[in-house]
Number of protein chains: 2
Amino acid sequence: MEKALYLNEFDATLQIIQGKWKVLILYEIHESGCRRFGDLKQYIQDVSHKTLTRQLRELEQDGLLSRKVYPEVPPKVEYSLTERGRSLIPVLDLICDWGLQNVPKTQLQRVLCEED
Amino acid sequence: MEKALYLNEFDATLQIIQGKWKVLILYEIHESGCRRFGDLKQYIQDVSHKTLTRQLRELEQDGLLSRKVYPEVPPKVEYSLTERGRSLIPVLDLICDWGLQNVPKTQLQRVLCEED
DNA sequence: CGGTATCCATAGCGATACTG
DNA sequence: CAGTATCGCTATGGATACCG
């Protein structure tokens with residue numbers, strides 16, 4: 001696997017959190033502590049099987065998630081946040097805040113961080 | 001022009017700040033107060049003429065930049081941050097911070113927010 | 001249940017050339 | 001000097017089918 005080359009530190013962070021469903025995944029795991037593949041699939045609904053797999057792989061490779069496989073039949077896989085993953089949550093929160101304050105809710109399909 | 005529809009407030013913010021050169025543009029204008037098209041082109045170097053134009057248009061349409069055209073020959077156009085644009089700077093700063101702390105500098109082509 | 005492989009549609013950006 | 005138009009490349013993600 002090649003080392004990624006980023007334009008700058010902003011670009012680096014962005015490439016790591018960027019991905020259609022990644023924030024949903026991170027928040028859901030953060031709130032529940034630990035989730036299985038099927039849980040995430042059901043929670044997000046609109047994500048395809050293959051895409052969810054790839055987003056999870058990328059989050060794992062970037063060191064935000066840890067993946068635990070139970071050697072059972074049928075398979076069981078659990079995802080949880082790493083320390084680095086947890087350190088990202090405040091950043092995501094700020095991004096969400098700004099979005100809520102600057103974009104009309106009518107343009108949002110879903111609201112992640114309701115706060116009145 | 002259609003209203004954008006975003007997955008959520010995070011996605012909304014991301015779509016607005018996302019774009020290969022947008023942060024460079026925003027920071028440069030923020031630090032200098034005001035920049036012309038040619039200044040930005042020269043500062044960023046690697047950006048193509050057309051792409052710079054489009055990124056500026058999008059930033060303008062999203063209300064982060066204001067564009068002032070001087071009716072002269074040759075043309076003169078100045079870009080500056082709007083109030084909303086300025087409100088975004090702390091968010092960008094936090095994103096940069098996280099990137100600096102979590103990605104080796106050897107993987108960065110350029111560093112935006114040097115801070116020791 | 002969770003993962004992989006193949007194929008395809010779409011969006012973002014770049015190269016280039018042309019305009020007022 | 002600043003902007004527009006056309007074309008092409010590449011990356012992301014979705015549909016589908018198959019595997020352990």
Hydrophobic clustering (ILVMFWY, side-chain heavy atoms < 4.5 Å, transitive) - are A/Tyr70 and A/Leu56 grouped together? no
Checking the side chain of A/Thr82 only, and the main-chain atoms of A/Leu64 only, is there a donor and an acceptor separated by less than 3.5 Å? yes
May I ask you to list the residues of residues 30-47 of chain B, by number, that have any heavy atom positioned under 4.0 Å from an atom of DNA chain D? B/Arg36, B/Phe37, B/Gly38
Is there a side-chain polar atom (N or O) of A/Ser48 under 4.0 Å from OP1 or OP2 of D/dG13? no
Counting the atoms with a prime plus P, OP1 and OP2 as sugar-phosphate, which does A/Gln55 contact under 4.0 Å by heavy atoms, base, sugar-phosphate, or nothing? sugar-phosphate
Between D/dC1 (C1') and B/Leu52 (CG): distance, integer Å: 12 Å
Pick from A/Asn102, A/Leu100, A/Thr106, A/Leu108: which one makes a side chain to side chain contact (heavy atoms under 4.5 Å, CB included) with A/Pro104? A/Thr106
I'd like to know whether A/Tyr27 forms a side-chain hydrogen bond (donor to acceptor under 3.5 Å, both in side chains) with B/Asn8, so could you lay out the CA-CA distance, the side-chain angles of the two residues, the decisive distance to 0.1 Å, and finally the verdict. CA-CA 13 Å; A/Tyr27 269 142; B/Asn8 49 61; over 6 Å; no
Have a look at the helix from C/dC1-D/dG20 to C/dG20-D/dC1 and give the angle its two end axes make, five pairs each, rounded to 10 degrees. 40°
Electrostatic pair B/Glu28-B/Arg35, nearest N-O below 4.0 angstrom: yes
Salt bridge or not between A/Glu60 and A/Arg54? Use side-chain N to carboxylate O under 4.0 Å. no
Just how far, in rounded Å, is C1' of C/dG14 from CG of A/Leu7? 14 Å
Atom CD of A/Glu72: over 12 foreign heavy atoms under 6.0 Å: yes
Side-chain N or O of B/Trp21 closer than 4.0 Å to phosphate OP1/OP2 of C/dG14: yes
Nearest-0.5 Å distance that lies between atom CG in B/Leu24 and atom CG in B/Leu112: 5.5 Å
Quick one about B/Asp11 and B/Gln15 (side-chain donor to acceptor, distance below 3.5 Å, no hydrogens or angles considered), yes or no? yes
Distance in angstrom units between A/Lys22 NZ and D/dA11 P, rounded: 15 Å
So what does A/Tyr79 hit on the nucleic acid, given a heavy-atom distance under 4.0 Å: a base, only sugar-phosphate, or nothing? sugar-phosphate
A/Phe37 backbone acceptor or donor facing A/Lys41 side chain under 3.5 Å: no
When you get a sec, tell me which of C/dG20, C/dG3, C/dC1 is the closest nucleotide to the side chain of A/Arg67? C/dG3
Within the structure, does a side-chain N or O atom of A/Arg54 lie under 4.0 Å from either OP1 or OP2 of D/dA11? no
Produce the list of close N/O pairs, under 3.5 Å, pairing protein atoms with atoms of nucleotides 4-7 of chain D; give distances to one decimal.
from, atom 1, to, atom 2, distance (Å)
D/dT6, O4, B/Lys50, NZ, 2.8

Do the charged groups of A/Glu9 and B/Arg110 touch, with an N to O distance under 4.0 Å? no
